[in-house]
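I have placed the structure first, in the form of structure tokens, so that the comments after it can refer back to it.
So you know, we letter chains A, B, ... as the sequences are listed, proteins then strands, and number each from 1.
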Number of protein chains: 2
Amino acid sequence: MAASGGRDWEKRTRYCGTLRKEDAGREVVLNGWVQTRRDHGGVIFLDLRDITGIVQVVCNPEFSREAHSSARSVRSEYVLSCRGVVRERPAEAVNPRLSTGEVEVMAERVTVINPSRTPPFEIEEGREVDENLRLRYRYLDLRRPELKEALVLRSRVTREVREFLSSRGFLEIETPILTKSTPEGARDFVVPSRLQPGKFYALPQSPQLFKQLLMVAGFDRYYQIARCFRDEDLRADRQPEFTQIDLEMSFVDPEDVMSLMDEMFVHLFREVLGVELYRPFPRLTWRQAMERYGTDRPDPRWGMEIRDFSGLYRDSEFRVFRSALEVGGRIRGFRVQGLRSPSRRELDELVEEAHRLGAQGLVWMVREGEDLRSPAAKFLSAQEVEGTLRESGLGEGEVLVLAAGGEEVGEVLSGLRDYCARRYFTRPREQYSFVWITDFPLFDWDEEEKRYKSNHHPFTSPSRECLDFLEENPSQVTSESYDLVLNGVELGGGSIRIHDAELQARVFRILGLDEEQAREKFGFLLEAFQYGPPPHGGIAFGLDRLVMIMAGKESIREVIAFPKTQSGTDPLTGAPDAIYPEQLGELRLRPV
Amino acid sequence: MAASGGRDWEKRTRYCGTLRKEDAGREVVLNGWVQTRRDHGGVIFLDLRDITGIVQVVCNPEFSREAHSSARSVRSEYVLSCRGVVRERPAEAVNPRLSTGEVEVMAERVTVINPSRTPPFEIEEGREVDENLRLRYRYLDLRRPELKEALVLRSRVTREVREFLSSRGFLEIETPILTKSTPEGARDFVVPSRLQPGKFYALPQSPQLFKQLLMVAGFDRYYQIARCFRDEDLRADRQPEFTQIDLEMSFVDPEDVMSLMDEMFVHLFREVLGVELYRPFPRLTWRQAMERYGTDRPDPRWGMEIRDFSGLYRDSEFRVFRSALEVGGRIRGFRVQGLRSPSRRELDELVEEAHRLGAQGLVWMVREGEDLRSPAAKFLSAQEVEGTLRESGLGEGEVLVLAAGGEEVGEVLSGLRDYCARRYFTRPREQYSFVWITDFPLFDWDEEEKRYKSNHHPFTSPSRECLDFLEENPSQVTSESYDLVLNGVELGGGSIRIHDAELQARVFRILGLDEEQAREKFGFLLEAFQYGPPPHGGIAFGLDRLVMIMAGKESIREVIAFPKTQSGTDPLTGAPDAIYPEQLGELRLRPV
């Protein structure tokens, strides 16, 4: 066997997926895995796979007896080194689904570098395989093109984000993983200290405090692709560790942060997906978003904006409407898009969905000529019908849904919007819809604990125009905050932080923290703020979610190389695992 | 106060450190910190600092009464916004130590954005301040130019490394932080699992197993700037968490890895430091390094190669030499460079140093004409003198040091080389000396446990030429391993891994692991290796150490934003800290 440098296999001269018609006649060496092997009576065809793709290798005994003979023992997922000559395929044999489909490689020599057992599932696109099995054999699962492509995409996303931020003067600075609790509010993972028995490090839920300290230190523009940790009861699509694109800037206002992020995402989508986004991204205040979409994570692609029809029904004979209005409620609703001349059944389903979403009732109205078909029709005056048609802009056969009640109706209508979008739209008007939600309330009233809590975190700056009524009317105070929403998914959020010690103290008081409690919780940050903190603000994005959307996946587990299950375990490594009693002893801990 | 957007300060139009003569006449707004304030009877000079540097702001009441009046209340580290006009300084007032030293800014308006308490230490270059105090106020310490520059350098280093590796087809892939023990051998930090009581995650000592799994998955070229963790008793300059430049490649041999890393460091030093390195970097086998320098971390810049003079003294009258040779020892030594015509005291100090290093004795010889001055002189034959002069190449007045004994002499001579370099060389011949050390022993004999242990880790591939005597003579087996040493500091190391299940089993047996033990420790990797692992290898570098050397620092704490003390604590945040009993309860743990 002619191999160099003591190896018993030849190193590649080319990657499989890169061979093209222009390479015809070239002698190449390929290294890769056998995707499939087909024995066509005498001639053996191997699809050889590497990171770049697949090419067909032809083992014809008339071309090389040696190669053909080696290929007979080969099976799926064997690792090979193949030397051969690139040849253009005859027109009828061209495979248009392969980037290398116009060529094949006539094998001169086939060397088995490593054999493989038969994989527990087929390594092919789109196969439905039990996820636990996939995670247990993640190294095989990762050979599937869709997962591989998702991780390649992820690598490109982080690369372009870094490139963009570096070019804008951001420094990448690492903050500690072994640290102290951050004020995020979720449960911390803790790490017992052996050198300081009885004490624990906390894994960071975000680099929040450190990035603010870096601003105090004068670093001006910081970023990090940061690993963060939350010990939550794992719901739906959460992971105990996740990755954030985290950044902070000094001497800025919300506009600076948002417009820079607009630029970043335009750059990212152009470079990675070839998609041209338009900036500035639309912006809605939190109040506008709640009013028009009933949620602070709207997906405006579906249209169906919620409108207030209260004025029309002020004196209605229809009791449901009138009585809601009498107790201060409103009549709100939207025109269903994608549904025309619905069956009774379709209308009933809308009502059922509204009930599922917690509504007490839902009124539908269908335009029929200049009239409305509706369970409420017989109570409506001509004026009300005419006004409804005018204000809703209903086309012939189109449906208006209306719900009466307090602010909770927004949530029902938001859910119903999602339902209608899933049900009646096959394709959104645009593929990607970014929208900024700004001016969130600074405080949320906690009905259970009868006190105000921070909506973001306690360092979020109130809007300047609210400084005069901070204490008088906390629930009306908005903040210098902004969330970025993509296709109805919250990508991330941030705020301008308080840089004034006195204002921070006022906010703490409203949160019910006296000076001592504040010092205990955030002492080192408050102390740092005695030494000339600059005005600063920032934002953090969930990288996993961003890549998930860009890759068109349904779960963040599809864009993480080694994710954990819902119960926080890794079926591959067996983590978490028992440890030796001596290890626990060294940590001065004992199981209860 | 005329500020826009609800702010009560004006946003900068320029960075302080960027102003130049060409800007004279321009009106600018600067945001930054007061480095110093000097009141020259009527005119106040402020040095204003931001991330880019310092510029002088002149507050002259004749130019602006308002600015001068504001400047009177200003103190060091106040945060200001200054509007003013750039002016060329008169020739005699130019400050050549400042990049902005040819200009100053005539203040029109000075706004205090934030005051500052007097810092506990002065924020200036090169001040000697107690390190605990510095860590406690790290955000102030980080304002010092030397620390700031070190972190800016670090950011550039990671950027260039990423850029280089991306351009060579490496994918950045994140591996888990919450995982299972890796076979590195040091103590793991562990994280109790709340959802799986009694079980623990381990923080990774390296991504070793995961990067090998990524190769099995076919990712071909992986890299990560990876956080790693070791719960060690902190010696000298170690940190419980540290950062590695970690990479792995498929279908490669040692030459591929080393030559690519040569390119990477040439690129890095050119782009970041403007230093041109020459490649390929020199290479020594482990055996050569031990022979010539007495250490596997040599610093060849000092010359002073160790040579074997045994042959000359085979029949010597000098008992020390002859008796060492008779029991199989050797006479080795080197010509001291930088020392000429030494005093008796200097020679005695050399001997003392050798004693401190553990030598039983050291013989010095000084060339005087064609003769040797030495305590051994009267025992030396003319032939021995002549041979010594010839083989050592001693110049007039130069010193040769010789030690007799077994292999332990190498360590003494290595220490003595360092001593001589520190003592007699003020400046090395080159600033940066890279050298590869290859072919380390695969196994080390553990005298205490009476068994072989892995020198690197158990997946390191033996050199092919040793496969025939693996079991017969383990101590003679070398490995396909390579360490990169810079200026005598180990930057990192790696190896080609075993990709053959049978060979891996042989190595485990020599290490005294039976199949069951091996499965228990590395089961999932061994299982993965049943499914077609490619030949692969990689390397990992300590980023902290690399940046330390590039920044010319003495400690890695000078290149880490938020380091921990020797006892693993953070005086800034107070980590590690006590946790609430309920938290421990949730983890089903109790202190002993």
(request) Can you tell which part of Ile560(A) gets under 4.5 Å to a heavy atom of chain B, answering side chain, backbone, both or neither? (result) neither
(message) If we define contacts as heavy-atom pairs under 4.5 Å, which of Leu147(A), Thr573(A), Ile225(A) has the most with chain B?
(response) Thr573(A)
(request) Let me know if Arg187(B) has heavy atoms under 4.5 Å from chain A in its side chain, its backbone, both or neither. (result) side chain
(message) With a 4.0 Å cut-off on N to O distance, would you call Arg136(B) and Glu527(A) a salt bridge?
(response) yes
(request) Below 4.5 Å from any heavy atom of chain B, which atoms of Gln212(A) appear? Answer side chain, backbone, both or neither. (result) neither
(message) Could you report the tightest heavy-atom contact between Val190(A) and Val191(B), atom names first, then the distance?
(response) O-CG1, 3.5 Å
(message) Any non-hydrogen side-chain atom of Asp8(B) less than 4.5 Å from a side-chain atom of Arg464(A)?
(response) yes
(request) State, to 0.1 Å, how close Ser155(B) and Glu172(A) come at their nearest heavy-atom pair, and which atoms those are. (result) OG-N, 2.8 Å
(request) Apply side-chain contact (heavy atoms from CB on, under 4.5 Å) to Leu584(A) and Phe200(B), showing your working. (result) CA-CA 10 Å; Leu584(A) 259 189; Phe200(B) 294 75; 3.7 Å; yes
(request) Using non-hydrogen atoms and a 4.5 Å limit, figure out which bit of Arg143(B) sits close to chain A: side chain, backbone, both or neither. (result) both
(request) Identify which part of Phe529(A) has an atom lying under 4.5 Å from any heavy atom of chain B, answering side chain, backbone, both or neither. (result) neither
(message) Pairing donors with acceptors under 3.5 angstrom, does anything connect the side chains of Gln196(B) and Thr569(A)?
(response) no
(request) With rounding to the nearest 0.5 Å, note down the distance linking CZ in Phe562(B) to CG in Leu209(A). (result) 10.0 Å
(request) Report yes or no: is the cationic atom of Lys148(B) (NZ for Lys, CZ for Arg) under 6.0 Å from the centre of the six-membered ring of Phe219(A), at an angle within 45° of the ring normal? (result) yes
(message) So which residue, Ala528(B), Gly585(B), Ala575(B), ends up with the most heavy-atom pairs under 4.5 Å with chain A?
(response) Ala528(B)
(request) Counting only heavy atoms closer than 4.5 Å, note whether Thr118(B) contacts chain A via side chain, backbone, both or neither. (result) backbone
(message) Nearest 0.5 Å, please: how far is CG in Leu178(A) from CG in Leu203(B)?
(response) 6.0 Å
(message) With chain B as the partner, which of Asp256(A), Asp141(A), Thr158(A) has the greatest number of non-hydrogen pairs under 4.5 Å?
(response) Asp256(A)
(request) Counting only heavy atoms closer than 4.5 Å, note whether Ser81(A) contacts chain B via side chain, backbone, both or neither. (result) neither
(message) Does any backbone or side-chain atom of Arg138(A) lie under 4.5 Å from a heavy atom of chain B? Answer side chain, backbone, both or neither.
(response) neither
(request) For Ile51(A) and Leu171(B), run side-chain contact (heavy atoms from CB on, under 4.5 Å): C-alpha distance rounded to whole Å, both residues' side-chain angles, the deciding distance at 0.1 Å, then the answer. (result) CA-CA 11 Å; Ile51(A) 185 74; Leu171(B) 297 172; 4.2 Å; yes
(request) Sort Arg156(A) into side chain, backbone, both or neither according to what part of it lies under 4.5 angstrom from a heavy atom of chain B. (result) neither
(request) Verify salt bridge (Lys or Arg N to Asp or Glu O under 4.0 Å) between Arg12(A) and Asp220(B), making sure each step is shown before the conclusion. (result) CA-CA 12 Å; Arg12(A) 70 180 148 221; Asp220(B) 205 70; 3.0 Å; yes
(request) For chain A, find which of Val79(B), Ile177(B), Thr52(B) contributes the most heavy-atom pairs closer than 4.5 angstrom. (result) Ile177(B)
(request) Supply the atom-to-atom distance Leu195(B) CG to Asp231(A) CG, rounded to the nearest 0.5 angstrom. (result) 6.0 Å
(request) Under 4.5 Å heavy-atom distance to chain B, tell me which part of Ser193(A) shows up: side chain, backbone, both or neither. (result) side chain
(request) Taking the side chain as every heavy atom from C-beta outward, state whether Arg227(B) and Arg227(A) have any atom pair closer than 4.5 Å. (result) no
(request) Answer with side chain, backbone, both or neither: which region of Pro115(A) has an atom nearer than 4.5 Å to a non-hydrogen atom of chain B? (result) backbone
(request) Decide whether Tyr201(A) and Asp577(B) meet the rule of one side-chain donor and one side-chain acceptor closer than 3.5 Å. (result) no
(message) Over 60° means perpendicular and under 30° means parallel, so tell me whether Phe251(A) and Trp33(B) are parallel, tilted or perpendicular.
(response) perpendicular
(request) Give, as side chain, backbone, both or neither, the part of Gln583(A) having an atom under 4.5 angstrom from any heavy atom of chain B. (result) side chain
(request) Report the option among Pro254(B), Pro591(B), Pro533(B), Ala578(B) that has the most heavy-atom pairs separated by less than 4.5 Å from atoms of chain A. (result) Pro533(B)
(request) Check Pro576(B) against Lys199(A) and note the closest heavy-atom contact, atom names and distance. (result) O-CD, 3.5 Å
(request) Go through Asp570(B), Thr175(B), Val34(B), Asp50(B) and name the one with the most non-hydrogen pairs under 4.5 angstrom from chain A. (result) Thr175(B)
(message) Is it true that, when you exclude Glu502(B) itself, more than 12 heavy atoms of the residues, nucleotides or ligands shown sit nearer than 6.0 Å to its CD?
(response) no
(message) Ring-plane angle category for Tyr531(B) and Tyr139(A), please: parallel below 30°, perpendicular beyond 60°, tilted otherwise.
(response) tilted
(message) Using every non-hydrogen atom in the two residues, find where Val252(B) and Trp9(A) come nearest and quote the distance to one decimal.
(response) N-CH2, 4.0 Å
(request) Identify which part of Ile113(A) has an atom lying under 4.5 Å from any heavy atom of chain B, answering side chain, backbone, both or neither. (result) both
(message) For Arg117(A), which atoms come within 4.5 Å of any heavy atom of chain B: side chain, backbone, both, or neither?
(response) both
(request) Give the member of Glu174(B), His499(B), Arg588(B) that has the highest number of heavy-atom pairs under 4.5 Å with chain A. (result) Glu174(B)
(request) Let me know if Leu543(A) has heavy atoms under 4.5 Å from chain B in its side chain, its backbone, both or neither. (result) side chain
(message) Show the nearest heavy-atom pair for residues Ala561(A) and Ile173(B), with the distance to one decimal.
(response) CB-CG2, 3.7 Å
(message) Please classify the contact between Arg162(A) and chain B as side chain, backbone, both or neither, with a heavy-atom cut-off of under 4.5 Å.
(response) side chain
(request) Compute whether any side-chain donor of one residue and acceptor of the other, for Ser116(A) and Gln530(B), lie under 3.5 angstrom apart. (result) no
(request) Counting only heavy atoms closer than 4.5 Å, note whether Glu255(B) contacts chain A via side chain, backbone, both or neither. (result) neither
(request) Give a yes or no answer on whether the side chain of Lys180(B) reaches the backbone of Leu572(A) with a donor-acceptor pair at less than 3.5 Å. (result) no
(message) I'd like to check Leu214(A) versus Leu142(B) (side-chain heavy atoms, cut-off strictly below 4.5 Å). Are they in contact?
(response) yes
(request) Give, as side chain, backbone, both or neither, the part of Pro563(B) having an atom under 4.5 angstrom from any heavy atom of chain A. (result) neither
(request) Please examine the side chains of Arg159(B) and Ser166(A), heavy atoms only from C-beta on, and report whether any two atoms are closer than 4.5 Å. (result) yes
(request) Measure from the side-chain N and O atoms of Asn114(A) to the backbone N and O of Asp500(B), and report whether any donor-acceptor pair falls under 3.5 Å. (result) no
(message) Counting heavy-atom pairs closer than 4.5 Å to chain A, which one of Gly198(B), Pro119(B), Pro535(B) comes out on top?
(response) Pro535(B)
(request) Compare every heavy atom of Arg590(B) with every heavy atom of Val592(A), then report the nearest pair and how far apart it is. (result) CG2-CB, 3.7 Å
(request) Give, for atom CG of Leu587(B) and atom CG of Leu589(A), the distance between the pair rounded to the nearest 0.5 Å. (result) 9.5 Å
